[in-house]
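Written out below as C-alpha cells is the structure these notes cover.
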Amino acid sequence: MNEARKPLRIGILGAARIAPSAIIYPAQATGHKLLAVGARDKVRADQFAKQYQVQKSYGSYQEVLDDPEVDVIYNALHNGAHAPWNIKALAAGKHVLSEKPSACNAAEAKEVAAAVSKSGKIFMEGFHYYYHPVFQRLLAILKSGEIGEVIKVESALLINMPKPGDLRLQFDLAGGSMMDVGCYAIHSQRMISQQVAAGEPSVVKADVNSADGKIDTKLYVQLKYPNGVAALAKGDFESEGMQAPLTITGSKGSIFLPNFVASGMDPRVIVESAGQKRVEHLPSISTYTYQLLAFADAIDLGKAIKTDANDAIAQSALLDAAYLSASLPLRPILKG
C-alpha cells in the first residue's frame with residue numbers, strides 16, 4: 001500500500017501582489033500548506049498572513065528560510081532578488097518555485113543551476129502557462145501534423161504601463177518589458193521551436209522603445225527556428241489592457257490561443273484546418289494550479305520538470321541576445 005502524499009509546507013518570500021493568484025489560491029485548491037510569509041516590513045507580513053490564512057509571518061526573508069518546518073520556497077520578490085534568494089533557499093535545503101525570470105541574465109542563471117545541482121533539490125522557474133492543458137493541446141496538435149508544416153509563429157504579452165517608480169521600470173532591479181512580460185512570449189517560442197525544429201530559436205533583430213537607453217517599455221523580437229521558421233515575440237508595457245495572443249500558421253491551417261499566458265481565463269484552442277474552423281474548450285482551472293501540481297509531482301514522485309534550472313539558462317541566454325540585438329545593456333546582477 002502506497003503512503004499518502006504529504007502536503008507541501010510552503011514559505012513565501014515577499015508579500016507580493018502576484019502571490020494570491022500564483023501560490024495562495026493554488027495551494028488552497030490543491031491541499032498544500034501555507035506555512036509562512038516573510039516581508040521586510042513585519043506589519044505587512046502580519047497583514048498578509050491574516051488576510052490569506054498563512055500560519056506564520058516574519059519580518060525578514062531569511063527567517064522563512066531558517067524555519068525548519070518550511071520545505072518549499074515560493075520566491076515572489078522583484079526580478080533582481082530572484083537568483084540571490086533562490087540560491088540562499090537551495091543552500092538552506094529547500095525546494096524552490098521561483099517567479100520568472102529566475103535570474104537577471106544567463107551568467108546568473110548558471111549560478112542558480114550550480115546551486116540546484118549542489119543542493120539536490122527541485123527547482124522550477126514559474127512559466128506556469130506551459131503546464132496548462134491549453135498549451136499542451138497546442139503542442140499535441142502541432143505534433144499531429146494537422147496544420148501541416150509550421151510557417152510562422154507569433155506570441156505576445158502586452159499590458160498597461162506600470163506606474164512611475166514601479167520596480168518593473170527600474171534597471172538595477174532587472175526591470176523592463178521583456179523581463180516582465182516578453183519573457184513569456186520568448187519562452188513559448190522556445191517550447192514550440194523545440195517541438196517543430198528540435199532546437200532553440202535565435203534572434204534575428206529587435207525593435208525597441210527605450211527612453212533612457214536601459215529600460216525597454218516595448219521590445220519586439222524577430223526570431224528564427226533552426227529549421228528556418230520565422231517567429232515574432234512581443235513584450236509591451238504600452239498596450240491598452242492585457243493581451244496574450246499566440247498564433248501558429250501552418251501550410252494546412254492554423255492554431256490560435258486567445259490568452260496563452262493565463263489560459264484558465266480563456267481556455268479556448270481555435271483551430272482552422274482543411275477549410276474548417278473548430279473551437280476546443282479546455283479546463284478553466286488556473287495555469288498556476290497546474291504549475292503547483294507539476295511542482296509537487298516532481299518533489300513527491302520524481303517527475304521531470306520542463307522549466308528547470310537548465311531551461312532557465314537557455315531562456316536567459318535568449319533574453320540576453322534580445323537585449324544585445326536591441327543595443328540595450330544586459331540586466332545587472334544585484335549586488336549586496
Side-chain angles (χ1 to χ4, degrees), residues 97-103 106 109 113 123-147 149-157 178-179 181-204 220-235 244-250 254-264 267-271 280 282 287-288 290-291 293-295 297-298 303-322:
L97 170 54
S98 174
E99 266 309 319
K100 44 38 70 184
S102 60
F123 174 85
M124 178 187 261
E125 184 173 29
F127 284 109
H128 48 95
Y129 80 91
Y130 177 82
Y131 299 96
H132 198 279
V134 162
F135 196 78
Q136 291 304 310
R137 179 65 185 137
L138 171 131
L139 294 179
I141 295 167
L142 277 181
K143 193 173 183 180
S144 75
E146 184 183 354
I147 66 160
E149 293 292 315
V150 173
I151 297 164
K152 187 173 66 173
V153 184
E154 296 179 74
S155 58
L157 179 50
M178 183 51 61
M179 295 297 278
V181 291
C183 62
Y184 284 106
I186 289 279
H187 195 273
S188 64
Q189 294 282 358
R190 291 184 48 244
M191 297 301 100
I192 294 163
S193 180
Q194 285 177 20
Q195 169 124 346
V196 303
E200 295 282 342
S202 55
V203 173
V204 176
Y220 291 5
V221 187
Q222 286 184 33
L223 300 164
K224 188 169 82 172
Y225 291 5
N227 63 350
V229 167
L232 180 62
K234 300 179 180 180
L246 194 161
T247 307
I248 302 180
T249 307
S254 66
I255 312 169
F256 174 60
L257 306 184
N259 186 342
F260 86 93
V261 175
S263 35
R268 291 177 297 161
V269 179
I270 300 166
V271 184
E280 300 183 8
L282 288 139
T287 47
Y288 290 109
Y290 283 104
Q291 174 177 260
L293 290 168
F295 187 54
D297 281 352
K303 288 194 180 178
I305 280 179
K306 184 65 177 174
T307 59
D308 63 6
N310 289 326
D311 184 73
I313 295 172
Q315 172 71 9
S316 292
L318 199 53
L319 293 178
D320 286 0

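Along the sequence shown, the residues carry numbers beginning at 1.
- If you take CZ on Phe135 and CG on Leu282, they are separated by 13.5 Å, rounding to the nearest 0.5 Å.
- Not counting sequence neighbours, Glu149 has no partner by the salt bridge (Lys or Arg N to Asp or Glu O under 4.0 Å) test.
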Open item on the list: Please determine whether side-chain contact (heavy atoms from CB on, under 4.5 Å) holds for the pair Ile141 and Val269, giving the CA-CA distance in whole Å, both sets of side-chain angles, and the decisive distance to 0.1 Å.
Closed with: CA-CA 10 Å; Ile141 295 167; Val269 179; 3.9 Å; yes
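- Two rings, from His132 and Phe260, have their centers 6.0 Å or more apart.
- Rounding to the nearest 0.5 angstrom, the gap separating the NZ atom in Lys152 from the CG atom in Leu232 is 9.0 Å.
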TODO: Determine, stepwise, if the pair Gln291 / Thr307 fulfils side-chain contact (heavy atoms from CB on, under 4.5 Å).
DONE: CA-CA 10 Å; Gln291 174 177 260; Thr307 59; 5.6 Å; no
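- Applying the salt bridge (Lys or Arg N to Asp or Glu O under 4.0 Å) test to Lys303 and every residue at least two apart in sequence or in another chain returns Asp297.
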Open item on the list: Evaluate Arg268 against Glu280 for salt bridge (charged side-chain N to carboxylate O under 4.0 Å, His left out), listing each step before the verdict.
Closed with: CA-CA 6 Å; Arg268 291 177 297 161; Glu280 300 183 8; over 6 Å; no
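- The two residues Asn227 and Val196 have their closest heavy-atom pair at ND2-O, 3.3 Å.
- Asp320 contributes a side-chain N or O that, together with a main-chain N or O of Ala106, makes up a donor-acceptor pair within less than 3.5 Å.
- In this structure, Tyr184 has its ring center under 6.0 Å from that of His128.
- The side-chain tip of Lys100 does not point at the ring of Phe127 from less than 6.0 angstrom away and within 45° of straight on.
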TODO: Any chance you could lay out the side-chain contact (heavy atoms from CB on, under 4.5 Å) test for Leu319 and Met178, step after step, and finish with the verdict?
DONE: CA-CA 7 Å; Leu319 293 178; Met178 183 51 61; 3.7 Å; yes
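- Taken to the nearest 0.5 Å, the CG atom of Asn259 stands 8.5 Å off from the OG1 atom of Thr287.
- In this structure the side chain of Met191 reaches within 4.5 angstrom of the side chain of Tyr129, judged on heavy atoms.
- Residues Phe123 and Ser102 come closest through the heavy atom pair CZ-CB, 3.7 Å.
- The two residues Ala185 and Ser155 have their closest heavy-atom pair at O-OG, 3.0 Å.
- Listed here is the closest heavy atom pair of Leu223 and Pro201: CB-CB, 4.3 Å.
- Side-chain contact of Ser188 with Tyr130: a donor-acceptor pair under 3.5 Å is absent, judged by distance alone.
- Ser193 places a side-chain N or O within 3.5 Å of a backbone atom of Gly199 that can act as its donor or acceptor partner.
- Remark: Leu318 CG to Ser202 OG distance equals 8.0 Å, nearest 0.5 Å.
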Task: Evaluation steps, side-chain contact (heavy atoms from CB on, under 4.5 Å), between Ile255 and Thr247 - done: CA-CA 6 Å; Ile255 312 169; Thr247 307; over 6 Å; no
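- Contact record, Ala322 with Val221: CB-CG2, 3.8 Å, taken as the closest heavy-atom pair.
- Here the side chains of Ile192 and Val150 are not in contact, with every heavy-atom distance at 4.5 Å or above.
- The minimum heavy-atom distance between Ala113 and Ile313, with the atom names listed, is CB-CD1, 3.6 Å.
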Task: Tyr225 and Gln189: CA distance, side-chain angles, deciding distance, side chain to side chain donor-acceptor pair (under 3.5 Å) verdict - done: CA-CA 9 Å; Tyr225 291 5; Gln189 294 282 358; 2.5 Å; yes
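- Note that CG of Leu139 and CD of Gln194 are 10.0 Å apart. Values are rounded to the nearest 0.5 Å.
- Atom OG of Ser263 sits about 13.5 Å away from atom OH of Tyr131, to the nearest 0.5 Å.
- No side-chain donor-acceptor contact under 3.5 Å links Ser98 and Glu125.
- In terms of modelled atom types and a separation under 3.5 Å, the side chain of Gln315 and the main chain of Cys183 share a donor-acceptor contact.
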